[in-house]
*Asks:* 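I have a structure I would like to understand better, so I am pasting it below and will then ask my questions one at a time.
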Amino acid sequence: MRIIAFAMVCLLAVSCSNKYKDIANSEQDYQIIPKPVSIETSKGRFLVSPNIKITGDAKLENEGTYLTEMLNHVANTNATFETGMIGDIRLKIDDTIDNDEGYALVVTYKGIVISGKTAKGVFYGIQTLRQLMPASIESGDNEIEELTIPSVMIKDNPRYVYRGMHLDVARHFFPVSFVKKYIDLIALHKMNTFHWHLTEDQGWRIEIKKYPKLTEIGSKRYGTIIDHHPGTGNDEKEYGEFYTQEEVKDIVKYATERHVTVIPEIELPGHSGAAIAAYPYLSCFPEEPTIITKDMGSQKGKGIQAAGTPKIVQETWGVFDDVYCAGDEKTFAFLQNVLDEVIPLFPAKYIHIGGDECPKANWERCPKCQTRIKNEGLHDEHELQSYFIQRIEKYLNSKGKSIIGWDEILEGGLAPNATVMSWRGTKGGIEAAKQHHNVMMTPGHSCYFDHYQVKDEEAKTKEPLAIGGNTTVSDVYAYEPTPEELTEEEAKYILGAQGNVWTEYMKTTDYVEYMILPRMTALSEVVWTPKESRNWEDFYTRLQYISNRFDAMELNYAKHSIENK
Ligand code: ACM
Ligand code: ZN
């Protein structure tokens with residue numbers, strides 16, 4: 001009896017799936033960003049049936065669960081991921097795939113197989129599968145009765161190993177829920193790195209247990225300038241929050257499940273005003289009050305009183321002279337202790353140590369810094385900066401970590417194992433690659449998503465306030481991360497590119513969404529798709545489809561960047 005019942009179920013399933021065998025699919029069914037390396041479409045569709053079985057290698061539990069939850073959320077299914085290889089959707093590790101992040105996806109009316117060299121590849125196969133399903137799956141508020149997926153054979157892998165998005169949470173703070181949403185967007189775009197800018201002049205945002213004042217004092221400012229720098233006044237409102245170490249762990253775990261590496265940035269030696277407000281001994285001149293400009297709320301003394309020191313957490317934007325003292329051993333003890341708490345929170349190989357925009361004015365007049373220059377046989381303050389970075393690098397290397405720094409770390413001599421993030425154009429990246437150092441490209445003209453996203457001056461006035469400049473979605477799409485100036489051998493040092501999101505003018509999560517979408521969508525194709533397959537017209541068509549997905553997710557993307565070329 002049981003055998004007959006089983007046979008009937010099988011027959012029913014076959015006749016059900018046969019119904020989808022010959023269905024013709026259209027172009028519209030295959031609108032994937034970033035564009036895969038190879039895609040062969042065919043007729044027929046796979047039906048996600050209520051009794052669907054999702055199975056795979058035991059090592060793919062995380063990916064299987066992710067996919068199962070995605071389907072259960074939108075389709076009429078209540079599946080669980082099972083270890084094994086008999087199923088309607090099968091996930092597997094395939095050593096014959098060359099690229100560590102590569103995958104193959106085969107969809108027929110009978111079933112789906114996603115293979116990856118690693119779990120990461122399988123995860124990207126799942127992201128592609130996601131884009132083969134209707135955009136409405138993203139909202140998840142209505143169950144799709146008959147969810148079907150078009151037949152296809154895709155072979156795919158990324159062009160670059162580093163595909164990053166940065167977020168400055170110091171100028172403005174964003175809650176854990178938004179950071180997770182940001183990580184989800186990174187994963188949707190098959191990008192793989194979240195660069196988390198955690199410390200600044202205007203706020204220290206990560207709990208360090210040994211130095212509680214970093215968050216008690218350093219995470220709060222007592223005002224923010226109004227309008228564009230230098231501002232039309234100051235709101236004189238207390239502003240500031242921080243992430244506890246438990247929250248950091250939770251975010252890193254969430255990212256790891258989505259194959260996104262989190263790289264923390266602990267800025268030094270410049271942009272260190274919040275730490276100095278908390279611990280003035282870190283400054284060359286602990287007794288000297290922070291210079292109060294006319295648009296800072298603390299001109300009324302509020303910030304200074306709250307901090308109880310002559311130093312304040314900055315209330316305006318810019319670059320400030322009060323930086324970590326490079327001559328005092330106490331600075332290095334402090335930074336090493338901070339890093340000792342940061343290191344265990346982040347499994348990433350890299351820690352970003354900043355290194356940008358460090359004025360040398362205080363070092364020039366600081367007796368301790370001058371003594372350091374003399375004793376170490378350094379020529380000038382640029383070499384002192386290099387000494388600073390090299391000491392930190394040595395410390396982090398001894399703990400098994402590597403450093404990334406902004407391209408200023410080239411000045412005065414590059415630390416031996418440092419990776420360079422080229423932001424002041426591409427020059428720094430080219431120079432570092434020629435010196436055989438790894439490079440991530442983040443040049444302002446193409447990768448700064450704090451710029452306006454229109455060129456026309458009149459149109460700019462209709463956009464929310466931005467820092468300036470203009471970087472349209474097509475500018476981003478046209479960007480080529482590997483500079484022509486490099487030989488084939490040197491080009492290997494270009495690991496990839498990243499979109500930077502500095503948040504001086506982005507006060508809300510909606511605002512951040514507006515600034516990154518669709519520019520990160522364009523960047524995702526730049527860093528994933530083979531150069532010869534990139535085509536703006538084709539991308540622009542696919543952008544219309546992915547924007548339906550953004551609508552379903554209720555994202556506040558820049559619609560005008562999609563509607564007007
Ligand atoms: C930077 O934009 N200051 C790295
Ligand atoms: Zn000093």
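Note that ligands are numbered from 1 as they come in the structure, with each ligand's atoms numbered from 1 the same way.
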*Asks:* Considering all heavy atoms of both residues, which atom of A497 and which atom of L523 are nearest to each other, and what is their separation?
*Replies:*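 Minimum heavy-atom contact is CB-CD1, 4.4 Å.
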*Asks:* Using a strict threshold of under 4.0 Å (side-chain N to carboxylate O), is an ion pair present between E329 and R372?
*Replies:* yes
*Asks:* Y254 and D184: side-chain donor and acceptor closer than 3.5 Å?
*Replies:* yes
*Asks:* Checking the N or O distance criterion of under 3.5 Å, is ligand 1 in contact with Y448?
*Replies:*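 Y448 vs ligand 1: N/O contact under 3.5 Å present.
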*Asks:* What does the angle at the Zn ion (ligand 2) come to, between atom SG of C369 and atom SG of C366, rounded to 10°?
*Replies:*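 Seen from the Zn ion (ligand 2), SG and SG are separated by roughly 110°.
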*Asks:* Report yes or no: do Q435 and E490 form a side-chain donor-acceptor pair below 3.5 Å?
*Replies:*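 No, because no side-chain N or O of Q435 sits under 3.5 Å from a partner of the opposite role on E490.
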*Asks:* Angle at the Zn ion (ligand 2): provide the value between SG of C284 and SG of C325, rounding to 10 degrees.
*Replies:*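 So the angle at the metal works out to 110°.
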*Asks:* E357 heavy atoms, cut-off 4.0 Å: which ligand 1 atoms fall inside?
*Replies:*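 Within the 4.0 Å cut-off of E357, ligand 1 contributes 3 (N).
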*Asks:* To check you understand the geometry: which heavy-atom pair defines the closest contact between D201 and V313, and what is its length?
*Replies:* O-CG1, 3.4 Å
*Asks:* Nearest to atom 3 (N) of ligand 1, what protein heavy atom do you find, and at what distance?
*Replies:* D356 OD2, 2.7 Å
*Asks:* Quick one: which ligand 1 atoms are inside 4.0 Å of a heavy atom on W502?
*Replies:*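 That gives atoms 1 (C), 2 (O), 4 (C) of ligand 1.
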*Asks:* For ligand 1, indicate whether the residue M421 contacts it via side chain, backbone, both or neither (heavy-atom separation under 4.0 Å).
*Replies:* neither
*Asks:* Can you list the steps and then say if H197 with W502 is a side-chain contact (heavy atoms from CB on, under 4.5 Å)?
*Replies:* CA-CA 9 Å; H197 184 81; W502 301 104; 3.5 Å; yes
